[in-house]
Amino acid sequence: MFHKIINKIPGIFCLILSCFLFASCGGYDEQDVTIISYLKINDLLENKYFENAEEVITNNIGQALQLSDNWFESLMFANTVEKEIDNISLADIEAEISQSLWEYIAACYPATTIPSKAQNTETGTYYSISELKAMYPDYKEVELKDFIPMVLISRVEKEDVFDGLFGDGDGNGNLKTLYVLQAYKQQHKNAVTDDETSCADDR
């Protein structure tokens, strides 16, 4: 009888620990915690590349031009990058990031299952980051146990900007490029808005 009780202790302990972890996350279940981790990693990556996005783009184009022996190919590369930056929208970038980030999480954390709650059953796609933020408005305040974002962030940091340009639409985007582009486009959008507001104030 005593041995049966002893054998049950590890299972009981794990159950209590699981309940404690979820209780510390405001009653969220395991899927919710995974989604909140996803949103927090997204914020860390956005902040990492926001300040110097334009410098990163300029430096990478300049480096590509310097390393190439073919002036025509270098010029074509620069033109391609410029056109892609002009043509891609912030909505397109967010859609690429929303899907690619789940693929990176699955690759970096093999024990993690992409939550069904993150998927829109009507469209068969992942909810966008903006949609998930609306679904979890308090995600920034949630304290997570055993949160190890640097595994993924270190992988992204090692990527080359513009390697494969902006992805193939199937979640295979280069996240570093996508976050740099998102920051660059957002900064220029804000600059245009500020200029328009300034002009309106001067009238």
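Below, each value reflects all heavy atoms present in this structure, side chains not excepted, and no hydrogens, waters or symmetry copies.
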Over all heavy atoms of both residues, which pair between Leu101 and Tyr179 is shortest? Give the atoms and the distance, please.
CD2-OH, 3.7 Å
Do you know the tightest heavy-atom contact between Lys185 and Ile85?
NZ-O, 2.7 Å
Can you tell me which residue among Lys40, Lys117, Glu30 is in a side-chain contact (heavy atoms from CB on, under 4.5 Å) with Ile35?
Lys117
For a quick test of your reading: what N or O donor-acceptor pairs under 3.5 Å do the side chains of residues 147-157 make, sequence neighbours left out?
| from | atom 1 | to | atom 2 | distance (Å) |
| --- | --- | --- | --- | --- |
| Ser154 | OG | Met150 | O | 2.7 |
| Glu157 | OE1 | Tyr49 | OH | 2.7 |

Approximate separation, where rounding is to 0.5 Å, of [X] [atom1] and [Y] [atom2]:
X	Y	atom1	atom2	result
Leu144	Tyr28	CG	OH	10.5 Å
Asn42	Asn47	CG	CG	9.0 Å
Leu45	Lys176	CG	NZ	11.0 Å
Lys140	Leu39	NZ	CG	10.0 Å
Ile97	Asp92	CD1	CG	11.0 Å
Leu178	Glu96	CG	CD	5.5 Å

Hey, is the main chain of Thr177 close enough, under 3.5 Å, to the side chain of Glu159 for a donor-acceptor pair?
no
Yes or no on side-chain contact (heavy atoms from CB on, under 4.5 Å) for Ile93 and Tyr184, after CA distance, side-chain angles and deciding distance?
CA-CA 11 Å; Ile93 295 171; Tyr184 178 82; over 6 Å; no
Residues in ring-ring contact (aromatic ring centres under 6.0 Å, His included) contact with Tyr38, at least two apart in sequence or another chain
Trp102
Cluster link Ile57 to Ile88, ILVMFWY, side chain under 4.5 Å
yes
Please list every donor-acceptor pair under 3.5 Å in which a side-chain atom of residues 125-137 meets a protein atom from a residue at least two apart or in another chain.
| from | atom 1 | to | atom 2 | distance (Å) |
| --- | --- | --- | --- | --- |
| Thr125 | OG1 | Thr123 | OG1 | 2.7 |
| Ser128 | OG | Glu131 | N | 3.1 |
| Ser128 | OG | Glu131 | OE1 | 3.4 |
| Ser130 | OG | Glu94 | OE1 | 3.4 |
| Ser130 | OG | Glu94 | OE2 | 2.5 |
| Glu131 | OE1 | Ser128 | N | 2.8 |
| Lys133 | NZ | Asp43 | OD1 | 3.3 |
| Tyr136 | OH | Asp32 | OD1 | 2.6 |

Do Leu181 and Val161 have side chains that approach each other closer than 4.5 Å (heavy atoms only, starting at C-beta)?
no
Could you pull out all residues at least two apart from Ser116 that satisfy side-chain contact (heavy atoms from CB on, under 4.5 Å)?
Gln31
Please name all residues satisfying side-chain contact (heavy atoms from CB on, under 4.5 Å) with Thr112, sequence neighbours left out, ordered by chain then number.
Thr34, Ile105, Tyr109
Please step through side-chain contact (heavy atoms from CB on, under 4.5 Å) for the pair Val142 and Val33, ending with a clear verdict.
CA-CA 9 Å; Val142 176; Val33 171; over 6 Å; no
Any pair counted as side chain to side chain donor-acceptor pair (under 3.5 Å), so long as it reaches residues 50-62, sequence neighbours left out:
none
